[in-house]
A.B. asks: 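Please find one structure pasted underneath; my questions will follow.
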Amino acid sequence: MWNKQYDLQILKYFGLKTRGVKNLIIKEVFFQLSEQGKLLLCCDGASRGNPGCAGYGIMGRINTEEFLIAISGGLGISTNYYVEMFAILMAGEWEIHHGFNDLVFRTDSKAAISAFQSNKLPWFAVTRWEKICAAVFAWSFKHSYREVSLSADTMAKRGAMLRRGEQRIFESKPSFLRCLENPDQVYFRVC
């Protein structure tokens with residue numbers, strides 16, 4: 001059907017119902033690094049089912065596009081929301097343990113960002129988040145779409161295959177990550 005009067009007459013003649021068609025929109029999205037002196041940690045969680053076998057992934061980069069750290073870890077059975085929260089907590093704890101005190105978290109979970117910014121956290125996160133906040137000068141969150149955070153997404157999916165408590169830390173770029181996100185490249189999001 002091309003949304004013409006003739007098409008509508010044919011549908012009506014045969015007694016067929018019409019339905020609306022959703023038009024797909026393709027948007028350009030970009031990856032941005034943090035400002036100088038700040039470490040950017042891209043955090044993501046993945047769950048095979050909701051709840052299901054879950055894991056988190058973290059990718060650390062500095063403002064010169066240099067790779068710093070990649071972490072994936074298994075959490076056992078959990079929900080998507082809890083995994084996203086846990087990924088941010090693990091990233092924050094890693095940052096303060098390694099002497100960084102100006103934190104920038106990038107995640108695709110608007111719900112997790114809202115919970116941390118409004119301080120309405122699940123019970124398991126409250127004490128850990130308070131310790132992170134006490135040890136840093138400043139922290140901020142940036143929302144990013146999954147299409148711009150492919151490395152963290154890949155690490156999270158690998159984490160979902162690990163046993164609970166198992167963690168893999170890569171201090172050089174893992175071979176299974178073909179390329180890292182590039183600030184000069186255009187990425188596309190279909191919505």
Side-chain angles (χ1 to χ4, degrees), residues 27-47 54-75 80-117 125 128-129 131-162 166-189:
K27 292 184 178 181
E28 292 182 351
V29 290
F30 300 90
F31 176 79
Q32 294 176 342
L33 292 165
S34 60
E35 299 87 35
Q36 184 153 352
K38 296 182 179 182
L39 173 66
L40 173 68
L41 282 181
C42 299
C43 312
D44 198 12
S47 178
Y56 61 90
I58 302 167
M59 278 291 299
R61 296 178 65 187
I62 55 177
N63 64 327
T64 59
E65 298 185 36
E66 186 179 332
F67 173 88
L68 190 61
I69 191 80
I71 304 171
S72 60
L75 293 176
N80 292 334
Y81 178 70
Y82 276 23
V83 175
E84 295 283 355
M85 302 291 282
F86 200 81
I88 293 169
L89 291 172
M90 292 300 291
E93 289 171 349
W94 183 89
E95 282 183 306
I96 61 172
H97 181 68
H98 288 85
F100 295 97
N101 50 25
D102 199 348
L103 315 181
V104 179
F105 301 99
R106 180 181 288 269
T107 180
D108 62 356
S109 174
K110 287 183 179 181
I113 292 172
S114 175
F116 279 101
Q117 289 178 333
R128 293 173 83 171
W129 183 244
K131 287 180 182 178
I132 292 168
C133 290
V136 300
F137 295 136
W139 52 266
S140 63
F141 286 92
K142 292 188 178 189
H143 178 262
S144 68
Y145 295 109
R146 180 171 292 139
E147 292 81 359
V148 183
S149 186
L150 297 173
S151 300
D153 188 53
T154 301
M155 296 302 292
K157 287 177 181 174
R158 292 179 75 86
M161 294 186 281
L162 299 175
E166 189 177 354
Q167 192 178 59
R168 300 276 159 71
I169 299 174
F170 301 90
E171 294 180 352
S172 60
K173 187 179 116 186
S175 60
F176 55 83
L177 291 177
R178 286 175 253 139
C179 60
L180 299 177
E181 294 83 4
N182 184 349
D184 299 326
Q185 184 176 343
V186 177
Y187 298 90
F188 297 98
R189 174 175 172 75

A.B. asks: Is any side-chain heavy atom of Y187 closer than 4.5 Å to a side-chain heavy atom of E28?
C.D. replies: no

A.B. asks: I'd like to check I88 versus Y56 (side-chain heavy atoms, cut-off strictly below 4.5 Å). Are they in contact?
C.D. replies: no

A.B. asks: Is it true that atom CD of Q185 has more than 12 heavy atoms of other residues, nucleotides or ligands lying nearer than 6.0 Å?
C.D. replies: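 Correct, the count exceeds 12.
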
A.B. asks: Search all heavy atoms of A115 against all heavy atoms of M85 and return the closest pair with its distance.
C.D. replies: CB-CE, 3.8 Å

A.B. asks: Shortest non-hydrogen contact from I62 to L33?
C.D. replies: O-CD2, 3.9 Å

A.B. asks: I'd like to check P174 versus F67 (side-chain heavy atoms, cut-off strictly below 4.5 Å). Are they in contact?
C.D. replies: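 SC-SC contact between P174 and F67 confirmed.
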
A.B. asks: Which is it for L177 and F170 under the side chain to side chain contact (heavy atoms under 4.5 Å, CB included) test, yes or no, and what are the steps along the way?
C.D. replies: CA-CA 11 Å; L177 291 177; F170 301 90; over 6 Å; no

A.B. asks: At what distance, to the nearest 0.5 angstrom, does CG of L41 lie from OG1 of T107?
C.D. replies: 11.5 Å

A.B. asks: Search all heavy atoms of A46 against all heavy atoms of A160 and return the closest pair with its distance.
C.D. replies: O-CB, 4.0 Å

A.B. asks: As a quick check of understanding, evaluate side chain to side chain contact (heavy atoms under 4.5 Å, CB included) for F176 and M155, giving each step before the final call.
C.D. replies: CA-CA 10 Å; F176 55 83; M155 296 302 292; 3.6 Å; yes

A.B. asks: Would you mind reporting whether F31 and V148 have side-chain heavy atoms less than 4.5 Å apart?
C.D. replies: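 SC-SC contact between V148 and F31 confirmed.
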
A.B. asks: Within this structure, what is the CD1-OG distance for the pair I113 and S144, rounded to the nearest 0.5 Å?
C.D. replies: 7.5 Å

A.B. asks: Within a radius of less than 6.0 Å around CD of E66, do more than 12 heavy atoms belonging to other residues, nucleotides or ligands occur?
C.D. replies: no

A.B. asks: Using a 6.0 Å cut-off, check whether atom NZ of K157 has over 12 heavy atoms from anything other than its own residue.
C.D. replies: no

A.B. asks: Kindly indicate, with the supporting measurements, whether the criterion salt bridge (Lys or Arg N to Asp or Glu O under 4.0 Å) is fulfilled by R146 and E84.
C.D. replies: CA-CA 13 Å; R146 180 171 292 139; E84 295 283 355; 5.3 Å; no

A.B. asks: Under 3.5 Å, is there a donor-acceptor pair between the side chain of K173 and the main chain of R178?
C.D. replies: yes

A.B. asks: Rounded to the nearest 0.5 Å, what's the gap from CZ on R106 to OG on S140? Could you check?
C.D. replies: 10.0 Å

A.B. asks: For a side chain to side chain contact (heavy atoms under 4.5 Å, CB included) with F105, tell me which candidate from H143, E95, K142 qualifies.
C.D. replies: E95

A.B. asks: So, for C43 and A91, which heavy atoms are closest and what is the spacing to 0.1 Å?
C.D. replies: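 Residues C43 and A91, closest heavy atoms: SG-CB, 3.5 Å.
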
A.B. asks: Determine whether I96 and V136 satisfy the following criterion, side chain to side chain contact (heavy atoms under 4.5 Å, CB included), listing intermediate values before the conclusion.
C.D. replies: CA-CA 7 Å; I96 61 172; V136 300; 3.3 Å; yes

A.B. asks: So how far is it from N63 CG to Q36 CD, rounded to the nearest 0.5 Å?
C.D. replies: 5.0 Å

A.B. asks: What's the separation between atom CD in Q167 and atom CG in L75, rounded to the nearest 0.5 Å?
C.D. replies: 9.5 Å

A.B. asks: Just wondering, do I132 and E93 contact through their side chains at under 4.5 Å, heavy atoms?
C.D. replies: yes

A.B. asks: Which value, rounded to the nearest 0.5 Å, describes the distance between W139 atom CH2 and Q117 atom CD?
C.D. replies: 6.0 Å

A.B. asks: Does the side chain of L150 reach to within under 4.5 Å of the side chain of E181, using non-hydrogen atoms?
C.D. replies: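 Yes - at least one pair of side-chain heavy atoms lies under 4.5 Å apart.
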
A.B. asks: With a cut-off of 6.0 Å (strictly less than), are more than 12 heavy atoms of other residues, nucleotides or ligands near CD of E171?
C.D. replies: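 Counting other residues, nucleotides and ligands, CD of E171 stays at 12 neighbours or fewer.
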
A.B. asks: Any idea which heavy atoms bring M59 and S151 closest together, and the distance?
C.D. replies: CG-CB, 3.5 Å

A.B. asks: Using the side chain to side chain contact (heavy atoms under 4.5 Å, CB included) rule, take W94 and L39 through it: C-alpha gap first, then chi angles, then the decisive distance, then the call.
C.D. replies: CA-CA 11 Å; W94 183 89; L39 173 66; 3.5 Å; yes

A.B. asks: Would you say the side chain of R61 lies within less than 4.5 Å of the side chain of L180, judging by non-hydrogen atoms?
C.D. replies: yes

A.B. asks: So which atom in V83 and which in A54 form the shortest heavy-atom distance, rounded to 0.1 Å?
C.D. replies: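 Result for this residue pair: CG2-CB, 3.2 Å.
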
